[in-house]
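First the structure, in the form of structure tokens, and then the observations on it.
All residue numbers refer to positions in the sequence shown, counting from 1.
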Amino acid sequence: MKNKTAAGLLALFLGGLGVHKFYLGQGGVGIIYLLFFWTFIPALLALYDGIVLLTMEDNLFNEKYNGGKVSSFSNVNTAEELEKLHTLMEKGIITEYEFQKRKEKLL
């Protein structure tokens, strides 16, 4: 599971070499950064990437780079969230399909 802070710091400190791109699973772009590092253009792009990554919301980062998975270190109480979802399903606010999808995302 990729960490947003690690990706941002890699972009700021080693981004000119494309290290953050390799970390985020974008090897092709990382190779382009490596090939053109001597122009300092990748360093400027990496500075921008680092700022974007560090200021990005956690849920957006997880959707984009972790396939929507939530870190196991989050402050979410899974049992309480499942209970809330089940209550919403019983009241007819969400469908059983939506309940199952959200349950999978929680677990």
Side-chain angles (χ1 to χ4, degrees):
M1 181 152 223
K2 297 166 187 81
N3 182 291
K4 179 180 86 161
T5 305
L9 292 175
L10 285 171
L12 291 177
F13 294 108
L14 298 171
L17 299 172
V19 173
H20 66 296
K21 294 296 186 180
F22 290 108
Y23 177 74
L24 293 172
Q26 300 172 338
V29 179
I31 290 172
I32 292 171
Y33 273 58
L34 270 175
L35 291 174
F36 292 100
F37 80 94
W38 56 273
T39 66
F40 295 106
I41 293 170
L44 293 174
L45 294 173
L47 177 65
Y48 172 78
D49 288 343
I51 293 168
V52 168
L53 287 167
L54 290 172
T55 58
M56 184 182 284
E57 291 184 26
D58 290 337
N59 59 348
L60 183 61
F61 179 86
N62 286 327
E63 280 182 34
K64 189 169 183 177
Y65 299 109
N66 290 324
K69 296 176 186 161
V70 179
S71 171
S72 60
F73 298 108
S74 66
N75 294 331
V76 175
N77 184 333
T78 307
E80 287 179 10
E81 290 299 316
L82 283 174
E83 187 177 329
K84 288 177 188 177
L85 286 173
H86 189 266
T87 303
L88 290 174
M89 185 183 69
E90 286 179 337
K91 290 181 179 180
I93 297 172
I94 62 172
T95 65
E96 185 173 343
Y97 176 77
E98 290 172 318
F99 171 75
Q100 292 298 330
K101 284 295 181 186
R102 291 183 185 181
K103 178 180 163 184
E104 286 176 18
K105 195 172 186 178
L106 274 173
L107 300 176

With a 3.5 Å cut-off and sequence neighbours excluded, list the donor-acceptor pairs that the side chains of residues 14-32 form with protein atoms.
{"from": "His20", "atom 1": "NE2", "to": "Asp49", "atom 2": "OD2", "distance (Å)": "3.0"}
{"from": "Lys21", "atom 1": "NZ", "to": "Gln26", "atom 2": "OE1", "distance (Å)": "3.3"}
{"from": "Tyr23", "atom 1": "OH", "to": "Asn3", "atom 2": "N", "distance (Å)": "2.8"}

Open item on the list: Could you measure the distance from the CD atom of Glu104 to the CZ atom of Phe99? Nearest 0.5 Å is fine.
Closed with: 10.5 Å
TODO: Flag yes if more than 12 heavy atoms outside Glu83 fall under 6.0 Å of its CD atom; otherwise flag no.
DONE: no
TODO: Tell me who clusters with Leu44, hydrophobic residues only, linked when side chains sit under 4.5 Å apart either directly or through other members.
DONE: none
Open item on the list: Are more than 12 heavy atoms, taken from residues, nucleotides or ligands other than Phe37, located less than 6.0 Å from that residue's CZ atom?
Closed with: no
- [ ] Mark yes or no for whether Asn66, through its side chain, and Lys2, through its backbone, hold a donor-acceptor pair below 3.5 Å.
- [x] yes
Task: Gap separating the CZ atom of Phe61 from the CG atom of Leu53, nearest 0.5 angstrom - done: 6.5 Å
TODO: Hey, could you give me the CG/CD distance between Asn62 and Glu57, rounded to the nearest 0.5 Å?
DONE: 11.5 Å
Open item on the list: Check Glu98 with Lys101, please: is the shortest side-chain N to carboxylate O separation under 4.0 Å?
Closed with: no
Open item on the list: Hydrophobic clustering (ILVMFWY, side-chain heavy atoms < 4.5 Å, transitive) - are Tyr65 and Leu10 grouped together?
Closed with: yes
Task: Between CE on residue Met89 and CZ on residue Arg102, distance to nearest 0.5 Å - done: 12.0 Å
TODO: Working to the nearest 0.5 Å, report the span between CG of Leu47 and CZ of Phe13.
DONE: 11.0 Å
Open item on the list: Under 4.5 Å between side-chain heavy atoms, counting indirect links through other Ile/Leu/Val/Met/Phe/Trp/Tyr residues: same cluster for Phe36 and Leu34 or not?
Closed with: yes
Task: Cluster link Met1 to Leu60, ILVMFWY, side chain under 4.5 Å - done: no
Open item on the list: Give me the atom names and distance for the closest heavy-atom approach of Lys4 to Met56.
Closed with: NZ-O, 2.7 Å
Task: Atom pair CD (Glu63) and NZ (Lys105), whose distance is rounded to the nearest 0.5 Å - done: 5.0 Å
TODO: Over all heavy atoms of both residues, which pair between Ala46 and Ala11 is shortest? Give the atoms and the distance, please.
DONE: CB-O, 3.4 Å
